[in-house]
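What follows is a single structure, written as structure tokens, with notes after it.
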There are 2 protein chains.
Amino acid sequence: MAPERDIPDATVARLPVYRRTLVGLAAAGETTVSSARLAELAGVNAAKVRKDLSRLGTYGVRGVGYEVENLLMQIGEVLGVNVDAPVVIVGMGNLGQALARYGGFSTRGFRVVALTDSDPKKIGKKFAGLTIQHQDDLPKIAKDLDISVGIITTPAEAAQQVADELVAVGVGSILNFAPTVLNVPAHIPIRKVDLATELQILGYYQHRAS
Amino acid sequence: MAPERDIPDATVARLPVYRRTLVGLAAAGETTVSSARLAELAGVNAAKVRKDLSRLGTYGVRGVGYEVENLLMQIGEVLGVNVDAPVVIVGMGNLGQALARYGGFSTRGFRVVALTDSDPKKIGKKFAGLTIQHQDDLPKIAKDLDISVGIITTPAEAAQQVADELVAVGVGSILNFAPTVLNVPAHIPIRKVDLATELQILGYYQHRAS
DNA sequence: CCCTGTGAAGCAGTTCACAGCG
DNA sequence: CGCTGTGAACTGCTTCACAGGG
């Protein structure tokens, strides 16, 4: 009943895109979709869609396509979007504040339940219904709220320390917005979102083109 | 004198990380660095560092390593960080505001010179010394300021339209924060930063681990 | 003797092309 | 007859391992 194990990283990275596309199709009242159409909407190639979906153990209907609702359910299960994982955001600067107000968490299986910072001037302020707490209280917060995901939006200098603290209190995965490479134990999944890096990559291609 | 052409995508994506690491080493007064040390700091494998750097036409010194300043200069040139490309941010919601205040652009070859939105209530407000202008004025703004990069921070529904407008006014590359796949002409480099996708990918790995 | 540069091997992901089912 | 599922070929990236220069 659980879907196939060991889905390739490249496939996992595309599943959220398929999911978003399928949500749109469902909202538009579509009940089935072919790999060709899904591929077009998701910006990939049709063979890739079929190979990716076959990894889920999903079976489409030959001659017809895939059932939208069924596919949504299966992808949702693989990604764990029904889990409602408690999230803490560490670092309430510009970006932390923007994320605290971001509305996209709940429909993706995450719920921001705590905000922390180490600047005493910020403690007690409220964002999106949550009060900023001191980073030193993380152990208690993590225990009380059973935090499973940490989002790091501190300056680069503080990020490794924060990552260590998150790991120490038992957080299960980390999303890092600080522009630095973090060392965490191999069993903790970590992903980074790095604006400066993305811009510089663009810089290369633009530079080349001219 | 220009570095080698045709650097693989995977290498390009790592250059900003090497650059950041080298900036740190330079600040710490280091003048040379071995591939092993650079690899450790950048979180990759030493052979990869050597192969990547060899693509730049850079030559390290056998038995010693690479000269930090020289390497920085070469990577900077490849990435075009001295270009100071004018950037417009389209969509001044939470994220757009956070990016407008973000300080990391200038040292990476980018300068935010304009902010736009389509909500009349936001026009005229100021962020980081810039006044929000109406998105309808984009053609004039782009012409006057010679905009070369567009950052899209609108809701998903508006993003394709905005992308079309950016392409129409001659923007050379696009960074998309909206959670949707954008269609742009093949010659326009585009990258996406997608928080919801990253979270869902984490969701998969965390889910799997338990 | 250390550390780079690089052929060669290995691996992962993509794309092709078609058999086979509804 | 259309569209899925998938072997097989292919492409690109990573890693190994070592020759060779300083």
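Just so it is clear, the model here is predicted, and its values are computed rather than measured. Within every chain, numbering begins at 1; the chains are lettered A, B, ... in the order of the sequence lines, protein sequences first and strands thereafter.
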ask   = Ala156(A) and Ala178(A): which non-hydrogen atoms are nearest, and at how many Å?
value =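 Minimum heavy-atom contact is CA-CB, 4.2 Å.
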request  = Check whether any side-chain N or O of His207(B) sits under 3.5 Å from a backbone N or O of Glu77(A) as a donor-acceptor pair, and report yes or no.
outcome  =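 Here the side-chain-to-backbone pair exists.
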ask   = Backbone N or O of Ile141(A) within a donor-acceptor pair of the Gln133(A) side chain at under 3.5 Å?
value =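 Not at all, since once roles are kept as given, no pair shorter than 3.5 Å links the two residues.
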request  = Could you tell me whether the side chain of Arg62(A) has a donor or acceptor atom within less than 3.5 Å of a complementary atom in the base of dG2(D)?
outcome  =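 A donor-acceptor contact between them is absent.
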Is the phosphate of [N] approached by [X] (side-chain N or O, under 4.0 Å from OP1 or OP2)?
X: Tyr66(A); N: dG5(D); value: yes
X: Lys51(A); N: dT14(C); value: no
X: Arg55(A); N: dG13(C); value: no
X: Ser35(A); N: dT4(D); value: yes

ask   = Is a side-chain donor-acceptor pair under 3.5 Å present for Arg55(B) with Thr11(B)?
value =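 No donor-acceptor contact under 3.5 Å links the two side chains.
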[X] has an atom [atom1]; how far is it from atom [atom2] of [N], in whole Å?
X: Leu38(A); N: dC3(D); atom1: CG; atom2: C1'; result: 13 Å
X: Leu53(A); N: dG5(D); atom1: CG; atom2: P; result: 8 Å
X: Asp6(A); N: dC11(C); atom1: CG; atom2: P; result: 15 Å
X: Asp52(A); N: dG5(D); atom1: CG; atom2: C1'; result: 13 Å
X: Asn70(B); N: dT4(C); atom1: CG; atom2: P; result: 14 Å
X: Arg14(A); N: dT14(C); atom1: CZ; atom2: C1'; result: 8 Å
X: Lys48(A); N: dT14(C); atom1: NZ; atom2: P; result: 4 Å
X: Tyr59(A); N: dG20(C); atom1: OH; atom2: P; result: 17 Å

query = Arg50(A) or Pro8(A): which one's nearest nucleotide on DNA chain C is closer to the 5' end?
reply =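 Here Pro8(A) is the residue nearer the 5' end.
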query = Are Asp194(B) and Arg20(A) close enough for a salt bridge, meaning some N to O gap below 4.0 Å?
reply =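 Yes, this pair counts.
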ask   = For Arg37(A), which contact category applies under a 4.0 Å heavy-atom criterion: base, sugar-phosphate, or nothing?
value =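 The answer is nothing, as Arg37(A) stays clear of every strand by at least 4.0 Å.
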message = Base, sugar-phosphate or nothing for Thr58(B)? Non-hydrogen atoms, less than 4.0 Å.
response =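 If one applies the 4.0 Å heavy-atom cut-off, Thr58(B) turns out to touch the sugar-phosphate alone, with no base involved.
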